[in-house]
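Here the structure comes first, spelled out in C-alpha cells, and everything after it is commentary.
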Amino acid sequence: MDNYNQNPEQKARDIIDRKLKDSGWTVQSRDSIDWSVSSGIAVKEYWTEAGPADYVLFVDREPVGIIEAKREEEGHRLTVVEEQSAEYASSKLKYLNNDALPFIYESNGKLTRFTDQRDPKPRSRPVFSFHRPETFRAELKKDSSLRERLFLIPELKVGGLRDCQIMAINNLEKSFKENHPRALVQMATGSGKTYTAITFIYRLLKYAYAKKILFLVDTRNLGEQAEQEFMAYTPNDENRKFTELYNVQRLRSNYIASDSQVCISTIQRMYSILKDEELDEESETENPAEKEWQPKEPLPVVYNENIPIEEFDFIVIDECHRSIYNLWQQVLDYFDCFLIGLTATPDKRTFGFFNENVVSEYGHEEAVADGVNVAYDVYTIETENTKNGAELKAEQFVAKREKLSRRKRWEQLDEEYAYTGKKLDRDVVNPSQIRNVIRTFRNKLPEIFPGREEVPKTLVFAKTDSHADDIIQMIREEFGEGNAFCKKVTYKVEEDPKSVLSQFRNDYNPRIAVTVDMIATGTDVKPLECLLFMRDVKSRNYFEQMKGRGTRIMNYDDLKKVTPSAVSAKTHFVVVDAVGVTKSLKTDSRPLEYKKGTALKELLGAVTFGSQNEELYVSLAARLARLNKQISDDERETFAEISGGKDINTAIRDLFSAYNPDIIDAKAAGIKHQEPQITDDEAQSQAQQELIDTARSTFNGKLNDYIENVRRVHEQIMDTVNIDSVTRAEWDKDAVLKADELIIDFKEYLEANKDEVTALSIFYNQPYQRRDVTFTMIKELLNKLKMEKPQFSPLRVWQAYEQLEKVNGNSPKSELTALVSLIRRVTEIDPILTAYDQTVNRNFQEWVFGKQAGTLKFNEGQMDWLRMIRDHVVKSIHMDMDDLDYTPFDAMGGRAKMYQLFGDGMNGIINELNEALAA
C-alpha cells in the first residue's frame with residue numbers, strides 16, 4: 001500500500017477505477033484479462049493503432065467504448081482531449097477487426113464527459129459517473145441513439161390543444177432536436193402546463209421510444225394531482241387512456257419498478273433513494289424552497305447502483321422555479337438526461353439554470369387576453385392595529401393562551417407591552433383586529449360581488465395554524481354559520497385535506513377555506529373567486545403562486561353548481577388585502593445561508609433534509625441546549641418518546657459530536673483498525689459521516705413540530721383591551737385604474753366593430769331603429785366578444801363601471817341585457833349606466849301613461865298581457881309575432897288570446913312597444 005496514490009495520474013485512475021466498479025464494470029489490466037468474471041470489463045492500457053488507450057470498455061467481449069484519463073488538475077482541459085479520445089475510438093484495437101467504438105469518455109476522476117458517437121451531431125456532455133454495461137448492451141441492440149430517434153417525432157396533431165400549448169410543444173421538440181440539454185416552459189397558471197407536459201411525454205414515449213421519464217415535483221400534493229392528470233389523459237391520436245398505454249408509477253417508497261415508463265416523485269424522495277435512506281414522509285408535505293436555511297456546501301449525493309445515472313431519459317420538473325437550486329440541484333446533476341422545467345413564475349435563477357433556453361413564454365396577461373386566465377382586482381381593508389400595532393399598559397390584567405392546548409390564564413403585566421402589526425397572531429392575538437377584518441369583508445361583499453346571494457368561494461391565507469383556528473371561529477361567528485361553512489385546509493388538519501379540498505372544489509360548502517401552507521403550492525380550485533390575505537408574503541414568486549389559485553377559468557354551468565347565484569362564467573377574481581401584501585416589498589425567493597436570526601424551524605428542517613455544515617449543527621445544538629433549560633420534565637419525556645428513545649441531552653451531544661475533531665479522530669482510529677486498507681482521509685470522512693448520520697437520525701417531521709411548538713413562548717398574549725377600528729375599505733387605486741382602462745378598451749372595441757356587427761351598426765349609425773335590434777343580434781355580438789375578447793365579459797365591464805361611477809340598478813344577471821345596457825351607455829343613449837330592466841320599466845310606464853291619457857284605455861286583461869310583453873323584452877330585448885307561440889304566451893292562449901284582447905290593433909301594439917321600450 002506504500003505506493004497507493006503516489007502521483008496525480010495514479011490518484012485520478014484510482015478514482016476512475018472505483019467509479020467503474022460502482023457502475024458494474026470489472027477493471028482488469030490487458031495482461032490478465034478474464035472474460036468469465038463479468039459481462040462488462042474495462043481493460044487498462046489496451047493497444048490501439050493510435051497507441052495505448054487508458055481504458056477500453058468491453059461488453060460481452062465486444063469493445064464498445066474508451067476512457068481517456070487525465071490528472072485532476074486537468075479538469076479544465078477535458079474538452080481539449082476529445083480529439084485524442086475520438087482517435088482512439090476510431091482506431092483498430094490490437095487483435096480485433098473492430099468498427100469505430102461508439103461510447104467515449106474523458107475523465108479526471110472528479111469530472112467526466114461523455115460522447116455518444118451515434119448521435120446526429122456527436123457532442124460531449126458532463127456525466128456524474130459511468131454508464132452501466134447492461135445499458136450499453138441494450139443501446140447497441142437499437143437501430144439508433146435517443147438523440148437520433150428524436151428526429152422521428154412527427155408533426156403535432158393540434159386537435160384539442162390551445163395555441164400556447166402547441167407553441168410550447170413544437171418549440172420544445174425543436175429544442176430536443178438541436179440537442180439543448182435543458183429547456184424552460186413558462187406557462188401561466190391555468191393554461192394547462194401539466195396537460196402540455198403529458199402530451200410531449202406521450203410523444204417522446206411513442207415516437208422517440210424513450211425508456212423512462214421522471215415527473216419531478218416538490219410536494220406529495222402536486223404528485224397526487226399529476227398522477228390524476230396522467231390517469232385522465234387520452235391522446236388525440238388514440239382511443240385509450242395514457243395509463244392503458246404506459247405504466248405510470250407514483251413513488252410511495254424507495255422502490256422504482258423496472259417496467260414503469262413514467263415515474264412521479266418528489267425531489268425529497270428521489271434524494272432519499274439516491275442516498276439509500278428511508279424518507280420521513282412528513283418532509284414531502286411542504287416544498288423545500290420554503291425552508292430559509294440552506295448549507296454552504298451542496299448535498300453529498302453519491303453513486304447508487306440501484307438507480308444508475310441513465311435511469312431516466314428525461315426529467316420534467318414541475319414548479320421548477322423553487323426547489324431545484326442549491327441544496328437539491330445535485331439530484332438533477334446526478335442523472336444523464338434532458339431536463340425540462342415547468343413554471344408560471346420563473347426568476348433569474350430559473351432562467352440561468354435552464355441556460356436561458358426558454359421554449360415558451362406565456363404569461364398571465366397573455367392568458368387573460370386569450371381567455372385562458374381571468375384577471376383580478378384588489379380590494380383593500382386596513383385597520384388601525386394592523387397598521388400601527390397597539391400598547392398594553394403596565395399592571396394591566398391580560399389573558400395568556402397556550403398555543404397548543406389553547407388553555408388560558410390571567411396575568412398582571414409587570415411593564416408596558418407594545419407590539420407592532422407584524423407581531424399580531426404570532427406573539428399577540430387581538431380578537432378585535434381579526435373581527436374587524438372579517439366583519440368588514442362580510443359587510444362589503446355586496447360591493448365586491450354585487451348581486452350574489454351567497455359568499456363566493458373564498459380562500460383565506462393565515463400566518464400559522466393557531467391564527468387559522470382564530471380566523472375560522474371568527475368567520476363562523478360573524479357570518480352566523482356552522483362548521484360546514486368554513487374549514488381549514490392545511491397539511492396539519494385533523495380531517496383529510498384531500499376530502500376538504502374536494503368539498504371546497506365541488507360542493508356548496510365550505511364557502512370559505514382557511515390555509516397556512518397547502519393551497520399556495522399548486523392545487524386546482526376553479527370556482528375560487530376571492531383570496532383574502534391575512535398574512536404578508538416576502539417572496540415575489542410565492543405571492544404569484546398564491547394569486548395563481550384564483551386565475552382558473554370556469555364556465556357558467558360548472559360555476560353555478562357550487563355557486564348558484566353566479567350569473568355568468570367566472571369573469572375575474574378579487575384579492576382582498578387586509579395586511580398590505582400587495583404593497584409590501586417582494587424579493588426573489590432565495591434560500592439563506594445560516595445567520596443568527598434563522599428560525600429554529602429552518603435549522604430543524606435543514607438537518608432533517610440532510611444538510612451538512614458545522615455552523616448548522618452547532619447552532620441547532622445550542623438552541624436545543626437553551627430549550628432544555630426552559631421545558632418541563634414531562635416535556636422532556638415527550639421529546640424522548642417521539643424521538644424513539646433518545647433524550648434531549650443525547651440529541652444535543654450527538655449534534656456537537658458530529659463536528660468535534662477529537663471525537664472524529666477517535667472514531668476514525670477505530671474504523672482504520674477494522675479496515676486497514678483505507679486511507680487516513682477516507683477513515684476521517686467515514687467517521688464524520690457516521691457521526692452526522694447519528695445526529696440527524698434523531699429528527700423527523702413529528703419531533704420537529706413538537707420542538708417548534710414547545711420551544712415557542714408557550715403562550716400568546718390575548719389583547720382584549722385595544723378595540724380595533726377600520727381605517728380603509730375600498731377598491732385599490734390600481735383596481736380603479738384597471739377598471740378605467742378596461743372601459744376605454746371596451747369602447748374602442750365597440751367603435752372598431754360598429755360597421756361589422758349588425759346590432760352595433762344600428763346603435764351607432766341608426767339609433768332611431770334600435771326597436772329592430774333582436775335577441776339574435778345581441779347574441780351574435782356576445783359570442784364575438786367571447787371568442788375575440790373574453791376579458792370584455794359584459795358583467796366584468798359592468799363591475800368596472802360600478803368602480804368609477806354611480807350605476808342605476810343592481811348588477812344584471814343576464815349577460816345579454818347587461819350588454820344592451822353597456823352599448824346604450826357607450827353610445828350615450830343613457831347618460832349613466834342603467835340596468836336594462838329599469839330602462840324598460842321606465843319606458844313602459846311612460847308609454848302606458850301616454851296611452852291612458854288619450855282616448856285609448858286598457859282594461860285589466862289587456863294590462864296583464866302588456867306586462868307579459870314588457871317582461872319578455874327585459875329578457876329577450878325584442879318582441880316578434882312568433883314569440884306568441886312560446887312561453888309564457890302560449891299558456892295564456894297565444895296569438896288567438898292577444899287577438900281577442902286587441903283585435904286588429906295587435907300588430908301595431910307589438911311594434912309600438914318594441915319602439916317605446918327601446919327608447
Side-chain angles (χ1 to χ4, degrees), residues 1 3-5 9-70 85-109 112-118 127-143 145 211-212 256-259 276 302-311 336 675-679 682:
M1 299 294 293
N3 295 323
Y4 195 82
N5 287 346
E9 283 200 16
Q10 186 57 48
K11 184 177 180 181
R13 291 184 186 223
D14 287 341
I15 298 172
I16 292 170
D17 287 355
R18 188 163 66 247
K19 286 192 170 186
L20 282 167
K21 290 172 185 173
D22 289 342
S23 302
W25 298 89
T26 298
V27 180
Q28 297 181 352
S29 69
R30 67 173 185 243
D31 299 325
S32 56
I33 295 176
D34 182 355
W35 300 111
S36 65
V37 173
S38 171
S39 61
I41 295 179
V43 181
K44 291 184 173 185
E45 301 295 336
Y46 197 100
W47 282 94
T48 75
E49 288 179 344
D54 292 329
Y55 297 82
V56 176
L57 303 177
F58 288 83
V59 175
D60 300 329
R61 302 192 181 193
E62 293 294 325
V64 298
I66 69 106
I67 301 171
E68 177 66 18
K70 292 296 175 187
S85 310
E87 187 178 357
Y88 287 135
S90 59
S91 298
K92 297 290 184 187
L93 302 182
K94 191 172 183 180
Y95 310 122
L96 299 173
N97 184 29
N98 59 287
D99 293 329
L101 307 185
F103 307 120
I104 302 173
Y105 296 94
E106 296 85 29
S107 180
N108 67 352
T112 301
R113 297 190 71 84
F114 170 70
T115 305
D116 187 341
Q117 291 291 95
R118 303 171 305 153
V127 289
F128 186 84
S129 188
F130 300 101
H131 303 84
R132 299 185 69 80
E134 54 268 30
T135 301
F136 287 155
R137 181 189 299 119
E139 279 297 309
L140 292 171
K141 288 179 181 177
K142 298 173 184 175
D143 294 332
S145 71
K211 176 175 81 271
K212 191 177 289 188
I256 299 177
S258 59
D259 62 347
D276 202 19
V302 295
Y303 186 83
N304 185 330
E305 63 180 15
N306 295 319
I307 180 166
I309 64 169
E310 62 269 31
E311 181 77 15
D336 177 31
E675 302 176 58
Q677 75 278 12
I678 68 173
T679 66
E682 287 174 325

- Could you tell me the separation between the NZ atom of Lys19 and the OG atom of Ser23, rounded to the nearest 0.5 Å? 8.5 Å

- Message: Restricting to non-hydrogen atoms, name the atom on Ser32 and the atom on Gln28 that form the minimum distance, rounded to 0.1 Å.
- Response: O-OE1, 3.7 Å

- Message: How close do Ser145 and Asp116 get, counting heavy atoms only, and between which atoms?
- Response: CB-OD2, 3.8 Å

- Does any N or O in the side chain of Asn98 come within less than 3.5 Å of the main-chain N or O of Leu93, such that one atom is a donor and the other an acceptor? yes

- Locate the shortest heavy-atom distance separating Pro52 from Trp47; write the atom from each residue and the value. CD-CZ3, 3.6 Å

- Message: Quick check for you: to the nearest 0.5 Å, what is the distance between Ser107 atom OG and Lys70 atom NZ?
- Response: 11.5 Å

- Task: Would you indicate whether the side-chain heavy atoms of Asn97 and Lys92 approach each other to under 4.5 Å?
- Result: yes

- Output for pair (Arg18 CZ, Tyr303 OH), nearest 0.5 Å, gives 14.5 Å

- Should Leu20 and Ile67 count as side-chain neighbours, where that means a heavy-atom distance under 4.5 Å? yes

- Task: For side chain to side chain contact (heavy atoms under 4.5 Å, CB included), just list the numbers for Asp17 and Lys44, CA-CA rounded to whole Å, side-chain angles, deciding distance to a tenth of an Å, and then say yes or no.
- Result: CA-CA 10 Å; Asp17 287 355; Lys44 291 184 173 185; 2.7 Å; yes

- Query: Salt bridge or not for Arg137 and Glu134, using N-O below 4.0 Å?
  - Reply: no

- Item | Gap separating the OH atom of Tyr88 from the CG atom of Leu101, nearest 0.5 angstrom | 13.0 Å

- Item | Side chain Lys211, main chain Glu310, donor-acceptor under 3.5 Å | yes

- Query: Okay, side chain of Lys94, backbone of Tyr46: is any donor-acceptor separation there less than 3.5 Å?
  - Reply: no

- State, yes or no, whether a side-chain contact exists between Trp35 and Phe58 at a heavy-atom distance under 4.5 Å. yes

- Is there a donor-acceptor pair closer than 3.5 Å between any side-chain N or O of Ser38 and the backbone N or O of Ile41? no

- Message: Looking at Glu45 and Arg13, is any side-chain nitrogen of the basic one under 4.0 Å from a carboxylate oxygen of the acidic one?
- Response: yes

- Between Ser90 and Ala100, which heavy-atom pair has the shortest distance, and what is it? CA-CB, 4.0 Å

- Task: Would you check, one step at a time, whether the test side chain to side chain contact (heavy atoms under 4.5 Å, CB included) holds for Phe130 with Leu57?
- Result: CA-CA 11 Å; Phe130 300 101; Leu57 303 177; 5.8 Å; no

- Item | Non-hydrogen atoms of Leu96 and Pro63 that approach each other most closely | CD1-CG, 4.1 Å

- Message: Nearest 0.5 angstrom please: Ser129 OG to Ile15 CD1, how far?
- Response: 11.5 Å

- Query: When rounded to the nearest 0.5 angstrom, what is the spacing between OG in Ser258 and NZ in Lys212?
  - Reply: 6.5 Å

- Query: Using 30° and 60° as the class limits, which term best fits the ring planes of Trp25 and Phe136: parallel, tilted or perpendicular?
  - Reply: tilted

- Residue Asp34 excluded, over 12 heavy atoms near CG under 6.0 Å: yes

- Message: Ignoring hydrogens, what is the shortest heavy-atom contact between Val43 and Ser29? Give both atom names and the distance.
- Response: CG1-C, 4.1 Å

- Is the backbone of Glu62 close enough, under 3.5 Å, to the side chain of Asp60 for a donor and an acceptor to pair up by distance? no

- Query: So with a 6.0 Å cut-off around CG of Asp99, is the heavy-atom count from everything else above 12?
  - Reply: no

- Between Tyr105 and Tyr55, does the ring centroid distance fall short of 6.0 Å? no

- Task: Please answer whether the main-chain N or O of Glu106 pairs with a side-chain N or O of Arg113 as donor and acceptor at a distance below 3.5 Å.
- Result: no

- Message: Let's go through His131 and Phe114 carefully: what are the C-alpha distance in whole Å and the side-chain angles of both, what is the deciding distance for ring-ring contact (aromatic ring centres under 6.0 Å, His included) to 0.1 Å, and is it a yes or a no?
- Response: CA-CA 9 Å; His131 303 84; Phe114 170 70; 4.4 Å; yes

- Message: When you measure from the side chain of Asp54 to the backbone of Ala69, do you find a donor-acceptor pair of N or O atoms at a distance under 3.5 Å?
- Response: yes

